[in-house]
Amino acid sequence: MSLAKQILQGDRLSLARLLTHIENEDPQGKKSLSELFSHTGGAHVLGITGAPGTGKSTLVNQVALSLRQLAENKADETVAIVAVDPSSPFSGGAILGDRIRMRDLAGDPGIFIRSMASRGALGGLARTTHSVSQALDAAGFAWILIETVGAGQAEVDIASTADTTIVIDAPGFGDDIQANKAGILEIADVLVVNKADLPGAENARRTLELALHIASPSTRMDSDLTEVVWTPPVLTTVATKGKGIEPLLKAIQDHRVYLNESGEGKQRLRARVKHHLEVLLRDQLLEGFLQDITIPSFEKHVEAVLDRTYSPYDAVEKLLQNQDKS
Ligand SMILES: Nc1nc2c(ncn2[C@@H]2O[C@H](COP(=O)(O)OP(=O)(O)OP(=O)(O)O)[C@@H](O)[C@H]2O)c(=O)[nH]1
Ligand SMILES: [Mg+2]
């Protein structure tokens, strides 16, 4: 039986194997993903992003636990967690976070956890996170929770993979938010001020509310507006105590309904497919091209550019014209 078929039958070991193939970008991964593709589209993908230490992992755990506790149909309302970690295996935070995760969530067969290394990719995700998410979708998980690397920058990539993007802030992280406000507000569907037990939380919440209001002052004020507009709610949580999780789940549900009813869900899906096709095409073309060219030949052009014999643009022209295999 093919790997894909085993996954469709609910075999978790096969799923884990496929995810490794995908992460390694080997042909078996592509083959299985193609076979699985018609089974995707059922999951709701949540992206959780924010500066390092704001409490993403803790919050993801709580959301996963609550989704499972509130599930009316435990067999169907399953949760997959993808934690994108910095490549270094020595990053204490990530490892500690995972240990806590294992302790809280282990034992529930409706929860599947996968860490993946970002391998130096920027933007908070690994190159293959989108494909990993698709595999989990096909495997039948109702919810996919993706925690991005907290690089402290606006992790905009997540917005092109997730249906609902949750941006987490915490008191004391205000400067980061300040510097990246524009990017964060652009991608946030739901804003959360975590660590509401610490002083400064209310201040952080008000700062976000104000920034949102400045960014889109007309929303909700114009009662004649027939078009439905989504204004990201700003919520507060204490992830370590599980406080504020139910309102957060409600906001996620509301956003999901909004995506369906406004048609924005379809628009986003179209943009996502387009983006993914472009990325694949670029990768494939480059790969094919590089196969036709020898390293000494490439180096020759590198030398020529270094010597300023000709420009990088000329070098690319020459490479494309000759593809000389010398
Ligand atoms: N006081 C307080 N501490 C919290 C809260 N939520 C998380 N923490 C603590 O904040 C620290 C960081 O939490 P994590 O969940 O690992 O944060 P993270 O954003 O996943 O961190 P990275 O993945 O390393 O970027 C831990 O020591 C948590 O126990 C909260 O609501 N209140
Ligand atoms: Mg974390």
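Side chains included, hydrogens not; waters and symmetry mates left out as well; all remaining heavy atoms used. Note that ligands are numbered from 1 as they come in the structure, with each ligand's atoms numbered from 1 the same way.
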_Using 2.8 Å as the threshold, say whether any N, O or S atom from Thr58 sits that close to the Mg ion (ligand 2)._
no

*Taking only residues at least two apart or on different chains, which pairs with a member in residues 17-64 satisfy ring-ring contact (aromatic ring centres under 6.0 Å, His included)?*
His44-Trp143

*asked:* Side chains of Leu319 and Phe289, heavy atoms from C-beta outward: is any pair under 4.5 Å?
replied: yes

_So, regarding Thr237 and ligand 1 (criterion: nitrogen or oxygen to nitrogen or oxygen, under 3.5 Å), is there a contact or not?_
no

*Which option, Pro171, Ala239, Gly55, Ala201, owns the non-hydrogen atom nearest atom 17 (O) of ligand 1?*
Gly55

*Examine the proximity of ligand 1 to Asp197 and report which part, side chain or backbone, both or neither, has a heavy atom under 4.0 Å away.*
side chain

_Co-members of Leu285 in a cluster of I, L, V, M, F, W and Y side chains, linked at under 4.5 Å_ = Leu281

*Nearest to the Mg ion (ligand 2), which N, O or S atom of Glu147 do we find?*
OE2

*For Lys30, does the NZ atom sit with more than 12 other heavy atoms under 6.0 Å from it, leaving out its own atoms?*
no

*Any idea which of Lys56, Lys241, Lys243 brings a heavy atom closest to atom 25 (O) of ligand 1?*
Lys56

*State plainly whether the residues Lys195 and Asp169 are in salt-bridge range, i.e. N to O under 4.0 Å.*
no

*Using 4.0 Å as the upper bound for N to carboxylate O, is an ion pair formed by Arg205 and Glu209?*
yes

*So does Tyr310 have more than 12 non-hydrogen atoms from other groups sitting under 6.0 Å from OH?*
yes

*asked:* Would Gly53 count as being in polar contact with ligand 1, using the rule that some N or O on each side must be under 3.5 angstrom apart?
replied: yes

_Close-contact set for ligand 1 against Pro52 heavy atoms, below 4.0 Å_ = 25 (O)

*Should you measure from each heavy atom of Glu147, which atoms of ligand 1 turn up under 4.0 Å away?*
20 (O), 23 (O)

